[in-house]
Amino acid sequence: EVQLVESGGGLVQPGRSLKLSCAASGFTFSNYYMAWVRQAPKKGLEWVATISTSGSRTYYPDSVKGRFTISRDNAKSSLYLQMNSLKSEDTATYYCARQNGKGRYYFDYWGQGVMVTVSS
Amino acid sequence: IQLTQSPSLLSASVGDRVTLSCKGSQNINNYLAWYQQKLGEAPKLLIYNTNSLQTGIPSRFSGSGSGTDYTLTISSLQPEDVATYFCYQYNNGYVTFGGGTKLELK
């Protein structure tokens with residue numbers, strides 16, 4: 001059974017940093033692209049970052065580019081999101097998600113999510 | 001690519017055939033998926049590549065469409081289908097989600 005378990009969320013002041021983790025199990029982690037997707041309270045979904053199987057390629061939308069860094073440790077089947085210079089608009093539930101497909105990727109499994117609140 | 005879902009709120013009765021719409025601002029080339037999100041839960045993949053049913057999803061869910069216009073159909077609405085449904089396009093590198101359709105029981 002595919003399982004994705006996020007951790008590391010919490011309350012953080014604007015301008016500070018936070019690092020999220022995602023522990024994966026039930027599949028060969030190193031074979032899949034992985035991603036983070038967020039959802040602001042009572043809002044829609046927004047893709048935040050994607051990382052290739054080896055970790056050599058990463059992709060971000062403009063809203064977080066230069067502030068967020070996605071990384072992975074295939075030996076530990078773990079995914080990370082380093083968030084710097086946090087803003088109030090980064091307040092959201094952050095989901096770790098597995099990506100599937102050939103060349104173009106959809107999210108096929110999601111974690112339960114972790115809440116990040118950016119507030120003074 | 002911007003995705004517009006309609007309606008934003010849909011009320012239907014158990015047993016009804018329900019149709020949800022998703023329209024892209026550009027051609028999506030069938031790289032369109034549908035997700036179901038129940039209150040307090042993570043999204044769940046229902047359909048990918050426009051009309052491929054994800055493993056374990058009931059056959060009452062189906063997807064169709066092409067170009068810029070896509071549809072999710074529930075052939076016979078069940079109480080457990082109450083949720084918000086999001087479409088998602090992955091035709092280009094900047095992937096995007098629709099704003100969602102909230103489905104409730106009448």
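As the structure is a computational prediction, the values presented were derived from the model and not from experiment. In what follows, chains carry the letters A, B, and so on, assigned in the order in which the sequence lines appear, proteins first and then strands, with residues in each chain numbered from 1.
If you tally non-hydrogen atom pairs under 4.5 Å between each of B/T96, B/T55, B/N49, B/N91 and chain A, the highest count goes to B/N91. Comparing B/G40, B/A42, B/P43 by heavy-atom pairs within less than 4.5 Å of chain A, the highest count is held by B/P43.
For chain B, no part of A/Y60 is nearby; none of its heavy atoms comes within less than 4.5 Å. Within the 4.5 angstrom heavy-atom criterion, only backbone atoms of A/E46 (N, CA, C, O) approach chain B. Within the 4.5 angstrom heavy-atom criterion, only side-chain atoms of B/Q37, from C-beta onward, approach chain A.
A centroid separation of 6.0 Å or more is found between the aromatic rings of B/Y90 and A/Y105. Close placement of the B/Y88 and A/F107 rings is indicated, their centers lying within 6.0 Å of each other.
A cation-pi arrangement is present between A/R72 and A/F29 under the rule of less than 6.0 angstrom and at most 45 degrees off the ring axis.
Counting heavy-atom neighbours within 6.0 Å of B/E104 CD, excluding the residue itself, gives a total above 12.
Side-chain contact, A/T117 with A/S119: no donor N or O sits under 3.5 Å from an acceptor N or O.
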